Colleague: 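Take this structure, written in structure tokens, and hold onto it; I'll ask about it next.
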There are 2 protein chains.
Amino acid sequence: MARTVDHNKPASIKDVAVLAQVSVPTVSRYLNSPERVSREKRDRIAKAVKLLRYRPNPIARALVKERTKTIAVLSTNTTLFGQSQTIFGIEERAQKAGYTLNIGVLSPEAGEQSRQRIQSILDQNPAGIVLLDYDQVSDDAFAYVNKDLPIILIAGNRKSDVTQISMQERDGGYAVTSYLLGLGHKTVYHVSIPGGAGGYSRLAGWRSACEDAGVPAPAPIKADWDPESGKRIGSALGRKPEVTAIFAGNDEIGMGIIRGLNDVGRRVPEDVSVAGFDDHPIAKIWNPSLTTIHQDFFKAGEKAFDLLKTEIDDVDQGRGRTDDWNRLVELPGHLIERESTGVPRS
Amino acid sequence: MARTVDHNKPASIKDVAVLAQVSVPTVSRYLNSPERVSREKRDRIAKAVKLLRYRPNPIARALVKERTKTIAVLSTNTTLFGQSQTIFGIEERAQKAGYTLNIGVLSPEAGEQSRQRIQSILDQNPAGIVLLDYDQVSDDAFAYVNKDLPIILIAGNRKSDVTQISMQERDGGYAVTSYLLGLGHKTVYHVSIPGGAGGYSRLAGWRSACEDAGVPAPAPIKADWDPESGKRIGSALGRKPEVTAIFAGNDEIGMGIIRGLNDVGRRVPEDVSVAGFDDHPIAKIWNPSLTTIHQDFFKAGEKAFDLLKTEIDDVDQGRGRTDDWNRLVELPGHLIERESTGVPRS
DNA sequence: CTGAAAGCGCTTACAG
DNA sequence: CTGAAAGCGCTTACAG
């Protein structure tokens, strides 16, 4: 008689062994390396597995293997464009490989708090870690992660002895600034996103492009993540007639800036050129559509999982940490010219 | 001599027992209900725990308790505004309560695929589930979740025997449509988001408001998640002079529509009023700023965790499933009037 | 190829 | 209040 199996206790490896008339270790072997089990028993076990709807308990397996099939993803504010896209990319690949994501949000609070958060996630024995090193908070967090575990960093300043995906943000900042300068602007103002002002940042690229072009780099202005802050800054900059080109640390800030400029009667791009960064889905429908550096965060996430997987395989196959664990993979962005930038009015 | 503890095998409950000169079960009692351990041994154990930097292995605990301290979060495209905000809210509360998030992304693929994905996540014995029931795919997924586990649904059509948070989207759709009609528009066009056209949807509210006002409801137009689709639709609608008011299924689509209208020479709100839904951070800096229904997704996430936690406590304290497990909690949005809507030109 | 035994790190009755 | 024993569901040597 058929029973509603779902509501009962799930079958264990022992149940399968009994039904298939083999020992528990044989079932275990069948599960992990079937070729080590005789054809005949293989069939019997297969039948039992099917009949009992047996699924191995990943927790029991994790207890003995000291490793789960989950990936710890450490990130600050997961609602931001770059973060959410990256996580989505990691998940996509992880899912296909049978891994699950364990998300830990890093808050800007004290270090000790952050350390404990990370610790509690690592206590769950993830197979590996992806750290979204998109700002200062996440960069600080690197100190707390277990360096023995497979780990991939995305972005951030270059660390040693760890595999890292660089999105070449510095180059992107350099490219967009040079582009603006090439259009004939006397200089480019920069409105920066919070956090990472390290040597590999968008800001660093902007500064470097100004230097290389021999133009003065005005003091950068700090925005926060809310586009509203861009709006305020845009209005303020709009009141200075000498401002003809602005490079915003990200598209949302850039859009806010344009709105702020409009509010004080400055047109974009006729009076002021504005460029953003990231290629947010709204950038291309903004009015005027926003010139920006396209960044492929989704791909960075996919790549991060793929790289992590090779390290996990190193561990699984007993190779341990290999020389490959400190690669630097580059995923450069590229300039997309749209309506928000143009030559300055002479 | 101090050793670099971090790189050694972490201390187990046995190590603590030996050092504190008590039995393993006593340490276990100390960990779970210290009041059951004598003052003296409590101190000895505390010292040993500290000295060895002991942290209980959550996996071993999960094996016997058949439950981990993780919450399974099931959602479609986690990069979308509502989804990412909600997840962020869940995480915030979960973190404080010592829970960790296990994210499972639901894809629009075949049901069997989805079932397996959910199964593999449930196999990891989460303490509970939060299902973001924001569209058809997630609504279908409900069939596959284990009904014995604590679970909270956010949004979606009302199910029976499950606690659900309603964001009252139908009411929101009704409110914004009525508002537009109240401004004097002859009717309101609706551009809908993908998925959920159920009885509790934004679309249902729009239709109902039109009916109640006795105005004809033009056939709704389907957009997809990319704001670019809104732009195309906006241009198309802009070519019809009879269109004076549009209600977009979300803000991104609304922004796309405005851009599309502008492209064919229609001004907003002078020629056409456009309203969105959600109150996306960019809505308020869009030019013109977008009238919308504010939805508090973050709060919905927080609330979801809190409700889930009470169910988890029911289970932990042996009460099992109680009558409270089928509550309906309402989290209504509200209209925010901004620049993108106005009275029609007479 | 296969099974009996031991063990992963905990918790839960059960005596005392 | 406390410890010896058993057990959660697996995997890993070890014999044969």
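Throughout, a chain's letter reflects where its sequence line sits, starting with A, and its residues are numbered from 1. Quick caveat, the model's predicted, so the values are computed rather than measured.
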Colleague: Between A:T26 and C:dG3, is there a side-chain N or O to OP1/OP2 distance below 4.0 Å?
Modeller: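 So the side chain of A:T26 is within the cut-off, an N or O lying under 4.0 Å from OP1 or OP2 of C:dG3.
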Colleague: Should we count CD of B:E40 as having more than 12 external heavy atoms under 6.0 Å?
Modeller: no
Colleague: Could you walk me through whether A:Y99 and A:F305 satisfy the ring pair (Phe, Tyr, Trp, His ring centres under 6.0 Å) test, starting with their C-alpha distance in whole Å, then the side-chain angles of each, then the deciding distance to 0.1 Å, before giving a yes or no?
Modeller: CA-CA 10 Å; A:Y99 284 77; A:F305 179 81; 5.8 Å; yes
Colleague: Return a single string for nucleotides 8-16 of chain D, one symbol per nucleotide in 5' to 3' order, where B is base contact, S is sugar-phosphate-only contact and - is none, cutoff 4.0 angstrom on heavy atoms.
Modeller: BBBBBB---
Colleague: What is the separation between atom CD on A:Q21 and atom P on C:dG3, rounded to the nearest whole Å?
Modeller: 11 Å
Colleague: For A:I71, run the side chain to side chain contact (heavy atoms under 4.5 Å, CB included) check against A:T100, A:I312, A:I103, A:N102 and tell me which one passes.
Modeller: A:I312
Colleague: Using a strict threshold of under 4.0 Å (side-chain N to carboxylate O), is an ion pair present between A:R117 and B:E91?
Modeller: yes
Colleague: Can you confirm whether more than 12 heavy atoms, excluding those of A:K299, are under 6.0 Å from its NZ atom?
Modeller: no
Colleague: Find the partner of D:dA13: check Watson-Crick (N1-N3 plus N6-O4 or O6-N4) and G-U wobble (N1-O2, O6-N3) distances, both under 3.5 Å, and reply none if neither fits.
Modeller: none
Colleague: Of all heavy-atom pairs between B:N146 and B:D148, which one has the smallest distance, and what is that distance?
Modeller: OD1-N, 2.7 Å
Colleague: Do A:S138 and A:D135 get their side chains close enough for a donor-acceptor pair, meaning under 3.5 Å?
Modeller: yes
Colleague: In Watson-Crick or G-U wobble terms, both distances under 3.5 Å, what is the partner of C:dA4?
Modeller: none
Colleague: Using a 6.0 Å distance limit plus a 45 degree cone around the ring axis, check whether B:K303 lies over the aromatic ring of B:F298.
Modeller: no
Colleague: Under 4.0 Å from any atom of DNA chain D, heavy atoms only: list the residues of residues 37-46 of chain B that qualify, in numerical order.
Modeller: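 Hits under 4.0 Å, by residue number: B:V37, B:S38, B:K41.
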